[in-house]
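We name chains A, B, ... by the order of the sequence lines, and we start the count at 1 in each one.
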Amino acid sequence: MESFPGLNYRIPVPKNRWNREQRLFLCCLHEFFKRDQVVFKDIFNHVFRSEVRECGLIDGISWNAMDAQWREMVRYSYTEWREVHQDSFDGIRRWRPILSQIKHTVRHLGLQIIPKYSPEEVHATDEEEQEPDSEIVSPTQNNTSLCNGGGKVCFWCAQEQTTSEENPEPTNSSRTKSNDEVPRFLYRWSNIDSQGVNSKRLFLAGLFADGREQFSPEDISQEQFSEYFLRHAHIEKTPSPFISTFISMLSPVHRALWNKEGAIISIIDTKKLDTALYSAKDNFRKHNLRIRGYDGRGEYLVWGRIPSAAIICAVKISTIQQLADEHTEIGKLLQLEKIASHKFNRRKLHEDLARGAGNLDRASGFAIGKLLFSIDLPFEFSTDVSEGLFHSWRLKRTGSWESFHEGVDAGY
DNA sequence: CGTCGCACAGTATAGATACA
DNA sequence: TGTATCTATACTGTGCGACG
């Protein structure tokens with residue numbers, strides 16, 4: 001019996017007792033600094049070493065446990081999480097004590113940490129800062145500096161209370177369109193059950209469809225925007241101000257095949273849009289929103305409406321199926337049965353498609369050209385759209401673009 | 001050069017466990 | 001019994017060398 005005390009008397013695994021202060025601290029780390037396992041863990045364990053040790057965690061809390069707590073907060077929208085993340089710039093002064101605590105700990109431990117919102121010029125103009133900020137590495141390459149862009153409050157300025165009060169509208173600026181390149185073409189799937197107005201000539205978001213008053217994203221608060229966005233991403237059932245579109249035509253075709261009834265696929269020219277366009281992925285990232293199992297990649301949300309000028313082509317899925325049946329080369333190219341056999345438009349489907357895909361040659365180009373011609377896509381767009389199809393349908397790269405485009409032209 | 005297989009790191013999620 | 005915390009595990013992306 002006593003020979004295996006470790007087995008007979010299991011020592012309970014020590015756990016941290018998370019309190020509000022610790023949670024806020026962890027939230028500030030995530031909100032204001034680039035995620036770094038080792039650094040976050042060391043800072044936290046140093047600041048809360050006595051509390052953590054009291055819980056039996058002699059070597060401090062593990063990164064995994066700490067990260068689990070972070071995820072819990074995000075997942076269940078803990079009040080601490082909401083406080084720190086939902087009005088980060090308005091409330092930035094509130095977190096000054098925590099931020100300077102982080103700063104001092106970083107310095108004390110000789111670590112390096114990268115602020116999320118830190119333009120270089122702050123250091124240059126920062127007179128009162130005596131000690132060199134050597135441990136604060138400015139993000140050089142992917143400089144997503146928010147300080148100069150869009151009149152946004154600079155992180156360190158706000159922290160050091162050097163920011164003037166007359167900042168125009170800090171809450172709205174982070175919601176503006178991303179600077180990242182917007183794709184030239186977007187693809188939409190819709191059917192008779194889709195909300196809003198979905199004709200071949202015009203799309204109207206569900207919220208604005210019944211002659212209800214229109215409003216622009218600037219008219220509503222940050223929270224309301226996030227709320228609409230989350231509801232839209234969750235369930236399409238509630239009226240939404242957004243219209244979903246995708247960067248790849250595969251995704252709407254896949255959806256259309258699974259929801260056949262009157263499904264329409266439309267190709268949209270983003271240059272002709274007259275309302276705001278948001279990347280779903282950026283929205284998640286910028287507002288620290290999460291939804292289980294979905295990160296928004298590939299999806300773009302159009303605000304309110306898509307005017308007929310922007311709809312360069314609209315085609316019923318049944319037409320596409322018919323084309324695939326009638327023309328073997330189109331059928332072979334599209335592999336509709338494969339698409340229909342996969343429940344999810346994920347890696348599995350892509351691999352499957354790649355196995356049966358053609359090459360970068362005249363034959364593939366011809367099939368695509370013929371398809372695009374048949375669905376009345378204006379010739380001027382054929383180059384871009386055909387290249388999109390090439391990538392989406394996972395064609396092999398053996399061959400040349402020249403022969404491919406030649407084939408596309410021939411198909412018209 | 002492009003593709004494949006592998007290893008590795010980081011991340012998301014289910015659910016086990018201890019505790020109130 | 002329900003909640004808080006965290007582990008175990010599955011998933012995803014990425015880099016790298018081998019290979020044709």
What's the CD1-C1' distance between A:I61 and C:dC6, to the nearest Å?
-> 9 Å

Ignoring backbone atoms, test whether A:W63 places a side-chain nitrogen or oxygen under 4.0 Å from the OP1 or OP2 oxygen of B:dG10.
-> no

Return yes if the base of C:dC6 and the side-chain atoms of A:Q69 contain a donor-acceptor N/O pair under 3.5 Å, otherwise no.
-> no

What is the nucleic acid contact for A:N16, judged by heavy atoms within less than 4.0 Å: base, sugar-phosphate only, or nothing?
-> sugar-phosphate

Has the side chain of A:S392 got a donor or acceptor atom that lies under 3.5 Å from a matching backbone atom of A:L389?
-> no

Provide, to the nearest angstrom, the distance between the CG atom belonging to A:D67 and the P atom belonging to C:dA4.
-> 19 Å

Salt bridge A:D36-A:K41, side-chain N to carboxylate O under 4.0 Å | no

Residue A:R17 excluded, over 12 heavy atoms near CZ under 6.0 Å = no

OP1 or OP2 of B:dT11 sitting under 4.0 Å from any side-chain N/O of A:R35?
-> yes

Got a sec: does the CZ of A:F381 have more than 12 other heavy atoms crowding it under 6.0 Å?
-> yes

Spacing between A:N19 atom CG and C:dT3 atom P, to the nearest angstrom | 21 Å

Of the candidate nucleotides B:dT11, C:dT5, C:dT7, which contains the atom at the shortest distance from the side chain of A:W18?
-> C:dT5

Taking the nucleotide of DNA chain B with the closest heavy atom to each, which residue, A:E72 or A:L395, is nearer the 5' end?
-> A:L395

May I ask you to evaluate whether A:R71 reaches the phosphate of C:dT5, defined as a side-chain N or O under 4.0 Å from OP1 or OP2?
-> no

Are any of A:R17's side-chain N or O atoms less than 4.0 Å away from OP1 or OP2 of C:dC6?
-> no

